[in-house]
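All chains are named by letter (A, B, ...) in the order of the sequence lines, taking the proteins before the strands, and each is independently numbered beginning at 1.
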Amino acid sequence: MQWSKLFIPTLRENPVDAEVVSHQLLLRAGYIRQLAAGVYNYLYLAQRSILKITNIVREEMDGIGAQEFFLPALNPAEVWQESGRWDVMGQNMFRLKDRFGRDLCLGMTHEEVMTYIARGELRSYKQLPQIWYQIQTKFRDEPRPKSGLLRVRQFTMKDSYSFDIDAAGLDAAYDKHHAAYCKIFDRCGLKYIAVEADSGAMGGSQSHEFMVESNAGEDFVAVCDGAKYYANLEKAASVPKPPAAPDPEGDLEPEKFHTPGKKTIAEISEFTGLPATSQIKSLVMMADNKPVLALVRGDHTMHETKFAATVGGANEIRPAHPEEIRDLFGGTSAGSLGPIGVTNMRVIADKALEGRKNMICGANIDDYHLKNVTPGEDFKAEYFDLRQVEEGDTYEGFPIRVVKTVEIGHIFKLGYKYSKSMNLTVLDQNGKEVTPIMGSYGIGVERILTCAIELFHDKDGMSLPAAIAPFELVVTPANFADPGQHETAVGFYEEAKRQGIDVLLDDRDERPGVKFKDADLIGIPVRITIGKKLAQGVVEVVNRRTRESVDVPVAEAIEKAKSILRA
RNA sequence: CGGGGCGUGGCUCAGCCUGGUAGAGCGCCUGGUUCGGGACCAGGAGGCCGGAGGUUCGAAUCCUCUCGCCCCGACCA
């Protein structure tokens, strides 16, 4: 392509509305323009890059025998009502009515429609397994779109769905996806980690997320390279740091003491001179408006997803309001709460409290606390993993880091949720009706681009992996009006095209500085610069990422460029 | 939905407090000089100041309402 004929509206300054790097660069480099909050126009460069990504996705999905479909984004309410998600999705789903007043929505995912197809057509175990996928636009009415293409209301997703006769079949489909995802992200040039994820109350049994470490991310992940353990914080387990002080010895009785005005863990810690690890933190949560008392060690944080998983099936989880707490605890306010004597709600405790003794907690009387409280003796609780993993915890003796990440893919063993609720059955070998088991698997296409930019950029712009850059090579004559440079540049351009290299010729009547700046900005991995040294038969081949520049004879330039692209 | 910020040529912003009829830099167009890291000179085009209402002789500026966008939080199959 000839640059002079293309629409690549690069910006010299950063648009003020862009905060994260990938967003700034996508705008500055002329890849995208915003249409509304969380809705973007993908211009020429973005579209080229996205097509390269989707081609890779396609090849690898086809490689595991998946079949590409294309389903409607516009869905009738009925299928969503059947699965129950018409209600569950709430405000997150775009809804509309047609001229006759019928309810419709814009699809967020396509479990329902895929299952709808399957139940109409799949009759026999002989037709299984099946893997169906599509690359399609998804809509989610995000309460708060942000960070450019990272959190948007309309985006492209590769979503696939597997149908199997039994769990072993699902395991195989899942493993195939795991392998295909690794290939896809490897080919896209990303650094990523596959982490164990919460499979939630959806009836799923196993789930992995593919994450890219990035400050722009919103998910926190526990990383333990030593033990090769990687898990989303929603799910991660670890060994906490030991208590900072030993528990007092002896079979002591709880003893009330006055703590005027001391409410927080830190205040009690200071008041008693004992570390936070000696305290029991009491949290009153409401699960669908039913109270639950959750206990964790004073220095620990409860993780709401773990709490939700423990309570199971609740639609709404929230901390109790101050008035509710007073109602439930005979007038006592948060800050003096404890588990002793609590009978009007379920009491659950984090495992880190099991086996501890003579600890401190609230006395359920304002401004009083208790010491010598021993879990299991002085109060009963059910023990679960409720605490959030923290930096400094260990896993099998190895230290854990907590990193911020962006989710680029998610694979999920769905189980029977959709096949059951939507009555998908086939006949097995014995002529008996059985319900197929399903899996669902997603990849956020734009997030691959976005993460690549987050991972690979410098002060001058993007430095995209060759496989997903809009062009592989840019030919930059310093002065295109110079006949020699002109001829050489066009020669490179034609030869590169002939060899199947995605090449861009910067034939613009611009000063060299402008061309260099633009080439760096839009992130083309290799540049051949033709300038004064052409008189000696030499041109420069520049590696965008390393900034390495080598002078090579004209005849060797394309070869050199190819060697960089292959690396 | 709570909190904060911002809407003025394509972009970045000034002007607003203290009302008097709109500016700069970049970009764009024309001509010329330039030509290895976002050139220079000269000339030029381009803005119902987000929208509506109000106060006033007069509103970008003051008041009310409204819409949009960004950030923090809540939320995130």
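- Taking the C1' atoms as reference points, B/rG7 lies 11 Å from B/rG51, given to the whole Å.
- Nearer to the 5' terminus of RNA chain B, by closest-nucleotide assignment, is the contact made by A/Pro15 (compared with the other of A/Thr529 and A/Pro15).
- Between the P atom of B/rC70 and the CG atom of A/Leu150 lies a distance of 13 Å, rounded to the nearest Å.
- Note: CG (A/Asp509) to C1' (B/rA39) measures 13 Å, nearest angstrom.
- Under the Watson-Crick and G-U wobble criteria, each requiring two contacts below 3.5 Å, nucleotide B/rA59 is left unpaired.
- Side-chain contact annotation: A/Ser22 with A/Glu454, donor-acceptor N/O pair under 3.5 Å present.
- For B/rG47, there is no paired nucleotide, since no Watson-Crick or G-U wobble pair has both relevant distances below 3.5 Å.
- Here the nucleotide nearest the side chain of A/Glu304, chosen from B/rC69, B/rC75, B/rC72, is B/rC75.
- Figure legend. B/rU64 is base-paired to B/rA52; pairs are counted as Watson-Crick or G-U wobble with both atom distances under 3.5 Å.
- Where A/Thr10 and A/Met108 each meet RNA chain B at their nearest nucleotide, the meeting point lying more 5' is that of A/Thr10.
- B/rC49 and B/rG23 have their C1' atoms separated by 12 Å, with the value rounded to a whole Å.
- Between the side chains of A/Gln134 and A/His110, a donor-acceptor pair is found at a separation under 3.5 Å.
- In this structure, A/Lys413 satisfies the cation-pi test against A/Tyr174, with its NZ or CZ atom closer than 6.0 Å to the six-membered ring centre and inside 45 degrees of the ring normal.
- The closest side-chain donor-acceptor pair between A/Lys158 and A/Tyr181 falls under 3.5 angstrom.
- B/rA24 and B/rG9 are spaced 12 Å apart, taking the C1' atom of each and rounding to whole Å.
- Across all strands shown, the partner of B/rG2 is B/rC72, judged by Watson-Crick or G-U wobble contacts whose two distances both fall under 3.5 Å.
- A/Phe480 does not carry A/Arg508 over the face of its six-membered ring by the limits of under 6.0 Å from the centre and within 45° of the normal.
- Between A/Gln34 and the phosphate of B/rG68, there is no side-chain N or O to OP1/OP2 separation shorter than 4.0 Å.
- Residue A/Glu540 places its side chain closer to B/rG36 than to any other of B/rG37, B/rA77, B/rG36.
- Considering only side-chain atoms of A/Phe516, the nucleotide from B/rG37, B/rC70, B/rA77 that sits closest is B/rG37.
- Among the atoms of the strands shown, base atoms are found under 4.0 Å from some heavy atom of A/Ala478.
- Distance A/Ile317 CD1 to B/rA77 P: 13 Å, rounded to the nearest Å.
- Rounded to whole Å, the distance from CZ on A/Arg33 to C1' on B/rC69 is 16 Å.
- If you take CD of A/Glu19 and C1' of B/rG5, they are 11 Å apart, rounded to a whole angstrom.
- One atom, CZ of A/Arg511, and another, C1' of B/rC26, lie 16 Å apart when rounded to the nearest Å.
- Spacing between atom CD of A/Gln485 and atom C1' of B/rC35 amounts to 10 Å, rounded to whole angstrom units.
- Counting atom types as modelled, A/Asp520 pairs a side-chain N or O with a base atom of B/rG37 as donor and acceptor under 3.5 Å.
- Under the 3.5 Å distance criterion, the side-chain polar atoms of A/Lys515 are matched with a main-chain donor or acceptor of A/Pro477.
- Pairing for B/rA39 is with B/rU33, a Watson-Crick or G-U wobble pair whose two hydrogen-bonding atom distances lie under 3.5 Å.
- Contact annotation: side chain of A/Arg144 to base of B/rG3, donor-acceptor pair absent below 3.5 Å.
- In this structure, the CD atom of A/Gln24 is 16 Å from the P atom of B/rC11, given to the nearest Å.
- B/rC26 is paired with B/rG10 under the Watson-Crick or G-U wobble criterion, all donor-acceptor distances under 3.5 Å.
- Contact of A/Glu13 with B/rG10 (side chain to base): no donor-acceptor pair of N or O atoms is detected under 3.5 Å.
- Proximity of A/Lys532 to the phosphate of B/rG36: a side-chain N or O atom is located under 4.0 Å from OP1 or OP2.
- At least one test fails for A/Arg95 against the ring of A/Trp80: distance under 6.0 Å to the centre or angle within 45° of the axis.
- Which of B/rC70, B/rA74, B/rG36 sits closest to the side chain of A/Pro512 comes down to B/rG36.
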